[in-house]
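Every number for a ligand or one of its atoms is a count from 1 in the order of the listing. Sequence positions, counted from 1, serve as the residue numbers for this chain.
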Amino acid sequence: MSLLANDEGSITAELQFFIDEGRKRRIDGKVAAHVNVVCQRCLEPVAIDVAAEFTLAIVWTDDQAKQLPKNLDPLIVGEELTDLAEIVEEELILSLPIVSYHEKDSCKQVTRSFGEADAAPIKEEPKDNPFKVLEQLRSDK
Ligand SMILES: [Zn+2]
């Protein structure tokens, strides 16, 4: 996950595979992660917790996906076996906050701006806009 500041952290995932009463092949899951993302104020790593829940139904075609009830998200599988790690990662990426900051007392940018009044202002704009990744994910589908 390039959105993360480093590889430290932990992810727990609980996935259930079953066929529901509508004969749909389902993957229900709960994932939670403790990860380091980049603080958009000081650009240092900041630890955050993210969690996501999902209810997926496995389908093979776009038509099948459209026929799913609204409470189910389609997981369109092709010839290749779908990588479960990717599903979990995608769900977590979607649940990441758009921007993350340290608490004010632990953010370096706060102390820096007091200490170096003459320093060039640091842009608030994130270097890597997380939205870009989301757009990629969506256009792939
Ligand atoms: Zn910070």
Side-chain angles (χ1 to χ4, degrees), residues 1-22 24-141:
M1 279 169 90
S2 56
L3 288 171
L4 301 184
N6 56 43
D7 289 335
E8 289 164 31
S10 59
I11 291 179
T12 55
E14 210 181 286
L15 301 176
Q16 262 191 307
F17 302 83
F18 62 102
I19 295 176
D20 71 10
E21 59 278 6
K24 302 274 190 302
R25 287 169 178 78
R26 295 267 300 273
I27 304 176
D28 287 7
K30 276 186 199 176
V31 291
H34 184 76
V35 292
N36 291 294
V37 295
V38 174
C39 168
Q40 297 304 334
R41 199 172 330 160
C42 68
L43 304 180
E44 295 285 329
V46 55
I48 60 165
D49 289 302
V50 290
E53 284 188 38
F54 50 89
T55 49
L56 301 171
I58 297 173
V59 294
W60 284 265
T61 64
D62 283 335
D63 279 348
Q64 288 176 323
K66 279 175 202 148
Q67 286 162 21
L68 288 177
K70 279 192 183 123
N71 60 324
L72 297 177
D73 286 322
L75 174 66
I76 301 171
V77 294
E79 304 266 306
E80 288 170 45
L81 198 67
T82 303
D83 187 346
L84 285 175
E86 269 176 36
I87 299 172
V88 168
E89 181 175 323
E90 192 169 318
E91 295 294 335
L92 283 172
I93 288 174
L94 291 171
S95 65
L96 278 177
I98 293 158
V99 289
S100 303
Y101 302 106
H102 290 106
E103 295 292 325
K104 272 209 173 130
D105 0 336
S106 54
C107 188
K108 294 208 168 87
Q109 179 56 34
V110 175
T111 47
R112 199 184 291 165
S113 59
F114 281 122
E116 301 169 30
D118 294 334
I122 289 175
K123 275 193 193 170
E124 292 269 324
E125 287 288 306
K127 265 187 191 169
D128 290 310
N129 184 346
F131 271 130
K132 275 185 197 161
V133 176
L134 297 183
E135 278 163 18
Q136 279 169 13
L137 285 173
R138 286 185 180 131
S139 60
D140 281 347
K141 296 285 135 68

Legend entry - Separation between CD of E90 and OG of S95, rounded to the nearest 0.5 Å: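 E90 CD to S95 OG: 11.0 Å, rounded to 0.5 Å.
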Inset, instruction - For the residue pair N36 and L4, establish whether any side-chain heavy-atom pair is separated by less than 4.5 Å. - result: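 Not touching, per the 4.5 Å side-chain cut-off.
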Legend entry - Exercise: identify the closest heavy-atom pair between L15 and G29: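 Result for this residue pair: CD2-CA, 3.8 Å.
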Inset, instruction - Kindly determine whether W60 and V77 satisfy side-chain contact (heavy atoms from CB on, under 4.5 Å), including the steps that lead there. - result: CA-CA 5 Å; W60 284 265; V77 294; 3.5 Å; yes
Inset, instruction - Spell out, as yes or no, whether a donor-acceptor pair under 3.5 Å connects the side chain of H34 to the backbone of E8. - result: no
Inset, instruction - Output, by chain and residue number, all protein N/O/S atoms separated from the Zn ion (ligand 1) by less than 2.8 Å. - result: C39 SG, C42 SG, H102 ND1, C107 SG
Legend entry - T61: side-chain contact (heavy atoms from CB on, under 4.5 Å) partners, not counting sequence neighbours: D63, Q64
